[in-house]
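Letters go in sequence order (proteins before strands), and every chain restarts at 1. The figures that follow rest on heavy atoms only: side chains count, while hydrogens, waters and symmetry mates do not.
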Amino acid sequence: MTTPDRILLAHGGGGRLTAALIADEIVPRFGAGPLASLPDAARLPGMAGGLVFTTDSYVVQPAVFPGGDIGALAVHGTVNDLAVSGAEPRWISLAMILEEGLPLATLRRVLDSIRAAADACGVAVATGDTKVVPHGQCDGLYINTAGLGEPIPGYRLSADAIRPGDAVLASGTLGDHGMAVLCARERLQVASGPVSDTGTIHRLVRAATPWAASVRFMRDPTRGGAAAVLNEIAGGRPFGIALREDALPFAPAARSVAETLGIDLLHVPSEGRMLAVVAPDAADAILAAWRALPEGAGSTRIGAVTAGPAGAVVMETLIGGRRLVDMPLGELLPRIC
Amino acid sequence: MKYVDAFRDPAAARALAGRIREAAAPLAGRSRPVQIMEVCGSHTMAIGRYGIRGLLPPHLRLISGPGCPVCVTDAGYIDAALELASRGVEICTFGDLINVPGSDTSLAAARSRGAAVTVCYSPLEAVERARRDPAREVVFLAVGFETTVAPVVSLVDRAAAEGLGNLSLLTAFKLVPPALEALAAAPDLAIDAFLCPAHVSAIIGADAYRPFAGRHRRPCVVAGFEPLDILYGIEGILRQLDAGEARVENQYSRVVTAAGNRRAQALIERLLRPVDAIWRGLGPVPASGLGLRPEFAAYDAENRHGLRVGPGRDAPGCRCGDVISGRLTPPECPLFGRRCTPASPVGPCMVSSEGSCAAWYKYGRIATERP
């Protein structure tokens, strides 16, 4: 089969096809400036004091799921993109596309959770826009938020600074958000089922500031899950990443559903977690600082950067075998955020 | 989850790996490696996911067999589904099939052009679709081995009970024992033993392999999908080979019985009859498929929509047939990882999440670079 000439759902999955679409269609047109390295948020040149800028759209279906809703997600996702870029989130925009017929009660619930999440993150909604389209031309409501933040002094984040021996940290259980949305959408009847981890990680970034010089790279594992983030870090670089399966943090509820459906939780998105690559001598201190916060209580070391095989993410399995942890392909869970 | 974790215990796995090396030692002097075929795609995935190949001695080879329903489905079947979609029929299918290349294109590509192709987690979603719009024809792509035949074919009973006149099945059900016969009889394939599938065996029963094991003198061990299940299964096979035996052994007795699931067997018997089937890689194998009995022809999509599933054209250079029959390991295919990747698959073994090429690509591309 040749390269598809239409957009497939898999182009939105955060995996190989997404990467190819961005590399082929976006970077050649817009990649000359701050977009070049495809950061979660861009450092804008020429602004006094520095400014970090990001945007994200939210199309999650259903709009309300165990642990959150599209409103909370629209704040958390954007705030988290600023945070992992080493910035203190300050302002967000709020643009909504509403479908004719959307119950006002749903809109109110979503707006209330946007307000609550923004308050909790210390960001203000500074500008916005509302459009309504005829029934059937969008599914309930879609939200776009952009975010502006100020760089936190001390962070110089770049995957190119990563060295063999560095530690790979996760701030909590992985994949809960994706499994919660999947169960809600497919109406899978699961007793005490998975609950989304949607939440913010900016306080984790703040807490790690004393060791900022030792933090090489941070990212929130959203679409494509931890596997996509780690493959993006290692891909094309002169080091590998080694994970230990027995160290991976998974919540029992998410694991039960994933095992039943044959889904690899490393491919499943989180919306309130962080992965960080840090110098080995700072790892324990950062983990201790994270664990002191409720959102970092489950923080743990999941692996290490290795000299080889270069560019690959490899896992030592529970039974002592080794296997590749590949980039997910794409269509596993559409409309998850 | 504690129950599952017991079958992934690291210390038990180490001990078993040691016993496997010990049982394999007397076979090391042979002129060629010991070849065990894992028949089922779920075994292939588990072997990759847990890195089991790396725990085995070098003269012991695991060969992936034809046990992935997507992989053995001929391109002509996809062509037929595409033809139905082009006539405005809504196609309901399990997700794996949508990226499988037909002779010219795939269902995923047809969907992006507006064809009604719905990915279902349960066959019952097809009933829901048919109920929702009685004016529209719905066809469920009924592909699979003995494991999934009963729940899928029970759609016929559901449709009949609800009086749904717009739901039918495009059948390409396949049976495992006739495929083993074909593999064992192939003169150029030197397969010493078979690791038999778990879920298929839960339906047909471990005894279903007895005539085969006796006729072809090949040890057959039914094994579960957890890593310790697989290691136990391999150990059992090696002990039989050491002793010159060829028996059916059921390692997975916590799920599989000797006689299998009688209720499922009765349902299958009532609605379906054996038919000759074309397997990608094996070609036509007599009585190796299941088709609807003539009295249920109204639910048979081929009959209902007046179309015949004919042979399809494989992509030039695609060696999936040789991979499925164990003649080639995935990396030995010239297209593997170059022109054929999961993002742009040329053949079905790379498409299916249980395909052997996908498993090698996903988990195995480090096997040759041990630290």
Pi-cation contact, Phe7(B) with Arg254(B) (under 6.0 Å, within 45°):
yes
Pair count under 4.5 Å, heavy atoms only, with chain A: among Cys340(B), Ala11(B), Ser122(B), Pro10(B), highest is Pro10(B)
Could you check whether the rings of Phe65(A) and His177(A) sit parallel, tilted or perpendicular, using 30° and 60° as the cut-offs?
perpendicular
As an exercise: rank Val314(A), Asp246(A), Leu318(A) by heavy-atom pairs under 4.5 Å with chain B and give me the winner.
Leu318(A)
Select, from Pro227(B), Ser112(B), Ala13(B), the one with the greatest count of heavy-atom pairs under 4.5 Å involving chain A.
Ser112(B)
With a 4.5 Å cut-off on side-chain heavy atoms, are Tyr232(B) and Arg19(B) touching?
yes
Contact origin within Glu245(A) toward chain B - heavy atom pairs under 4.5 Å
side chain
Does any donor atom in the side chain of Ser42(B) or Glu354(B) lie under 3.5 Å from an acceptor atom in the other side chain?
yes
Does Arg8(B) reach the side chain of Tyr50(B), with side-chain heavy atoms less than 4.5 Å apart?
yes
Counting heavy-atom pairs under 4.5 Å with chain A, which one of Met45(B), Glu125(B), Arg49(B), Arg14(B) comes out on top?
Arg49(B)
